[in-house]
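All residue numbers in this chain count up from 1 along the given sequence.
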Amino acid sequence: MSAVSDRLPTFPWDKLEPYKKTAAAHPGGIVDLSVGTPVDPVPDLVQKALIDAADSPGYPTVWGTPALRDAITGWVERRLDAREVTHRHVLPIVGSKELVAWLPTQLGLGPGDRVAYPRLAYPTYEVGARLARAGHEVYDDPTELDPAGLKLLWLNSPSNPTGKVLSKEELTRIVAWARSHGILIFSDECYLELGWEADPVSVLHPDVNGGSYDGLVAVHSLSKRSNLAGYRAAFLAGDPAVLAPLLEIRKHGGMMTPAPTQAAVVAALGDDTHVQEQRGRYLARRTLLREALRSHGFRIEHSEASLYLWATRDESCWSTVAHLADLGILVAPGDFYGEAGEKFVRVALTATDERVRSAVERLA
C-alpha cells in the first residue's frame, strides 16, 4: 500500500483546511469558492429518469445501454459538430476523474514512457502518470516537446484552472504535430459548454481533425453542465482503436456506470434547455464576482470560459488565500495547479446566488 501511496504528492486540498476554518468563523458564514462543486438542483427531468430507473437489480454493462450510446453519439454530433459517430466511437466512464487518474495505467504506460500536460493544470494528470510509474512533464506549447517516448498528450480547453481556450487553429496545429509523431491525444473538454468570451471547439470537430478521429479522444462530463457531479456521469468519444481495448480493460475492472445514472445521462444529453438555464446562473454570478474582484484590486487573466476566475494581486497565492479567508471567502491557491500559479488564486462560480452576493458585499 505504501509503495503506491508514496508515488503520489500530498493531497492538495488538505493544505486548505486551516483557511477553511478561518473563513467558516466569519460572522456571515463561509462563502466557499474553492472546490467548484455544483450547488444548484439537478434538473427535474434528470431526477425523474433516475427515479424511474431505480429498480435496477441486475449488473449494468460497462459499454452502457444502447439508449445511452445513442444519446452520447447524438450529442457529440449535435453539439460538437462531429461527423459519422457510431457506438464504436463512444465509451461511458464513471466520472472523468477516475479516467484521468487511471488512463496511463490502462494504456499500459510505464517507466520510459512520458505523459505531458499543460503547465497550469488539473493535478490528476500528474497523479495518473505517477500511478503508472511513467514520466511526466508540463508544457506551454506541446509542439515544442521532445516527441521521443511521449505516449500521451493531455489537452485541456477550456482550461482548469485558467479558463483559457485553445483556438481552432491552435488545436489543428497540435493535432497535426501529434499525429506526425504517433502521439495519442486525450482532450479534456469538460467545460466546453461554458464559454463566455470565447466559443470552445472540440478536437472532434472536422475542421480540427480533417474528418478522422485517429489518435484522438475527447473527455466530457455532465458534472458541471447538468449539475451531476454526485452522479459520476461522463464519457469518452473518439478513436475506436483506442476505445475498444479500453472497453475490454474496464470490463475486467468492473468500471460500470450504475444503471440509474445511465438513464439519467440519456435524459440530460437529450435536453439543451436546462444547460442554457444553468449557463445563465453561472454568467450572472461570474459578472458579479468579476467586477467585485477587480474593484478589490485583483487582475483577472484568461477566464474566457469554464467555471472559474483566474485572479491575482501579484503576491503569494497563500497570502491572497489568507486575506480572503479573513473575509469569510475561501478560494483555491494557484500553486495547486502548478508552480506557475504561485501568484494566482482560482475563484469558482459554484456558490448560490445568496452566497455570491455576500462575497460581493464583503469585497466591497
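Put simply, the side chain of Asn227 never gets that close to the backbone of Pro38: no donor and acceptor are under 3.5 Å apart. Of the possible polar contacts, one joining the Arg83 side chain to the Asp81 backbone as a donor-acceptor pair under 3.5 Å is found. Not one N or O on the side chain of Arg88 forms a donor-acceptor pair closer than 3.5 Å with the backbone of Pro240. Counting only distance, with no hydrogens or angles, the side chain of Arg69 and the backbone of Gly64 share a donor-acceptor pair below 3.5 Å. Between the side chain of Thr162 and the backbone N or O of His302 there is no donor-acceptor pair closer than 3.5 Å. Without hydrogens or angle criteria, Ser295 side chain to Ala292 main chain gives no donor-acceptor distance under 3.5 Å. Checked by atom type and distance alone, the side chain of Arg130 pairs as donor or acceptor with a backbone atom of Arg7 at under 3.5 Å. Although no hydrogens or angles enter the test, the distance criterion places a donor-acceptor pair under 3.5 Å between the side chain of Gln262 and the main chain of Thr65. A donor-acceptor contact shorter than 3.5 Å links the side chain of Glu189 to the backbone of Val203. Proximity of a side-chain donor or acceptor of Ser56 to a complementary backbone N or O of Ala53 within less than 3.5 Å is detected.
Looking at Phe298 and Thr320, their side chains come closer than 4.5 Å, going by heavy atoms from C-beta outward. Contact of the Arg362 side chain with the Val31 side chain is registered, since non-hydrogen atoms from C-beta on lie closer than 4.5 Å. At least one side-chain heavy atom of Ser159 sits under 4.5 Å from a side-chain heavy atom of Asn156. Taking the side chain as every heavy atom from C-beta outward, Trp63 and His87 approach each other to under 4.5 Å. No side-chain heavy atom of Leu68 sits less than 4.5 Å from a side-chain heavy atom of Phe235. Within the 4.5 Å cutoff, no side-chain heavy atoms of Leu153 are placed close to those of Leu184. Residues Ser226 and Val46 are not in side-chain contact: their nearest non-hydrogen atoms beyond the backbone lie 4.5 Å or more apart. Ser319 has its side chain out of reach of Arg313: every pair of non-hydrogen atoms, C-beta onward, lies at least 4.5 Å apart.
Note on residues 231-245: no pairs pass side-chain hydrogen bond (donor to acceptor under 3.5 Å, both in side chains), not counting sequence neighbours. Sorted by first then second residue, the salt bridge (Lys or Arg N to Asp or Glu O under 4.0 Å) pairs that include residues 16-40, not counting sequence neighbours, are Asp40-Arg285.
Of the charged side-chain nitrogens involved, none lies within less than 4.0 Å of a carboxylate oxygen, so that Asp141 and Arg119 do not count as a salt-bridged pair. A salt bridge links Glu193 to Arg79: one of the charged nitrogens lies within less than 4.0 Å of a carboxylate oxygen. One finds a salt bridge joining Asp207 and Lys168 here, because a Lys/Arg side-chain nitrogen approaches an Asp/Glu carboxylate oxygen to under 4.0 Å. By the 4.0 Å N-to-carboxylate-O rule, Arg250 lies close enough to Glu98 to be salt-bridged with it.
Under the 3.5 Å distance criterion, with hydrogens and angles disregarded, no donor-acceptor pair is assigned to the side chains of Ser358 and Glu361. Between the side chains of Asp44 and His274, no donor-acceptor pair of N or O atoms lies under 3.5 Å. Between the side chains of Tyr125 and Asp188, at least one donor-acceptor pair of N or O atoms lies under 3.5 Å.
The cationic atom of Arg346 (NZ for Lys, CZ for Arg) does not lie both less than 6.0 Å from the six-membered ring centre of Trp310 and within 45° of the ring axis.
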Next on the checklist: If you apply the rule side-chain contact (heavy atoms from CB on, under 4.5 Å), what do you find for Ser306 with Leu194, and how did you get there?
Outcome noted: CA-CA 5 Å; Ser306 85; Leu194 296 166; 5.6 Å; no
Checklist entry - After noting the C-alpha distance and the side-chain angles of Arg78 and Asp272, does the key distance pass the salt bridge (Lys or Arg N to Asp or Glu O under 4.0 Å) rule? => result CA-CA 11 Å; Arg78 184 179 78 251; Asp272 294 329; 3.0 Å; yes
Item to check | Full working for ring pair (Phe, Tyr, Trp, His ring centres under 6.0 Å) between Trp154 and Tyr122 | outcome: CA-CA 10 Å; Trp154 278 107; Tyr122 185 44; 8.9 Å; no
Next on the checklist: Pair Leu216, Arg179 - check side-chain contact (heavy atoms from CB on, under 4.5 Å), show working.
Outcome noted: CA-CA 9 Å; Leu216 302 175; Arg179 282 176 166 170; 3.5 Å; yes
Next on the checklist: Using side-chain hydrogen bond (donor to acceptor under 3.5 Å, both in side chains), reason through Thr86 and His89 one step at a time and then give a plain yes or no.
Outcome noted: CA-CA 5 Å; Thr86 71; His89 293 89; 2.8 Å; yes
Checklist entry - Are Glu170 and Ser167 close enough, and set up right, to give a side-chain hydrogen bond (donor to acceptor under 3.5 Å, both in side chains), and what steps lead you there? => result CA-CA 5 Å; Glu170 287 176 296; Ser167 68; 3.3 Å; yes
Next on the checklist: Show, in sequence, the C-alpha distance, side-chain angles and deciding distance for Tyr282 and Thr350, and conclude whether the side-chain contact (heavy atoms from CB on, under 4.5 Å) test is met.
Outcome noted: CA-CA 8 Å; Tyr282 285 136; Thr350 50; 3.7 Å; yes
Next on the checklist: Pair His220, Ile72 - check side-chain contact (heavy atoms from CB on, under 4.5 Å), show working.
Outcome noted: CA-CA 10 Å; His220 283 271; Ile72 296 173; over 6 Å; no
Checklist entry - Where do Arg286 and Glu197 land on the salt bridge (Lys or Arg N to Asp or Glu O under 4.0 Å) test, with the steps shown first? => result CA-CA 12 Å; Arg286 178 181 184 272; Glu197 295 153 359; 3.2 Å; yes
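Connection of Val345 to Ile300 is established within a shared hydrophobic cluster, with ILVMFWY side chains joined at heavy-atom distances below 4.5 Å, either directly or through further cluster members. The hydrophobic cluster containing Val35 also contains Leu289, counting ILVMFWY residues as joined when their side-chain heavy atoms lie under 4.5 angstrom apart, directly or transitively. If you chain together hydrophobic residues whose side chains sit under 4.5 Å apart, Val175 and Val76 fall into the same group. Cluster annotation: Val62 is connected to Leu243 through the hydrophobic network of ILVMFWY side chains, with a link wherever side-chain heavy atoms come within less than 4.5 Å. Both Phe344 and Leu16 are assigned to one and the same hydrophobic cluster, defined by single-linkage of ILVMFWY side chains at heavy-atom distances under 4.5 Å.
By the 6.0 Å contact criterion, CZ on Arg133 is open, its count of non-hydrogen atoms from other residues, nucleotides or ligands being 12 or less. Summarising the local packing, CD of Glu354 is surrounded by more than 12 heavy atoms from other residues, nucleotides or ligands at distances under 6.0 Å.
A pairwise comparison of heavy atoms in Leu222 and Ala268 identifies CD2-CB, 3.5 Å as the closest pair. Nearest heavy-atom pair, Pro111 versus Ala132, reported as atom, atom and distance to 0.1 Å: CD-O, 4.2 Å. Of all heavy-atom pairs between Ile30 and Ala24, the closest is CB-CA, 3.9 Å.
Proximity of the aromatic rings of Tyr308 and Tyr191 is defined here by a centroid distance below 6.0 angstrom, and this criterion is met.
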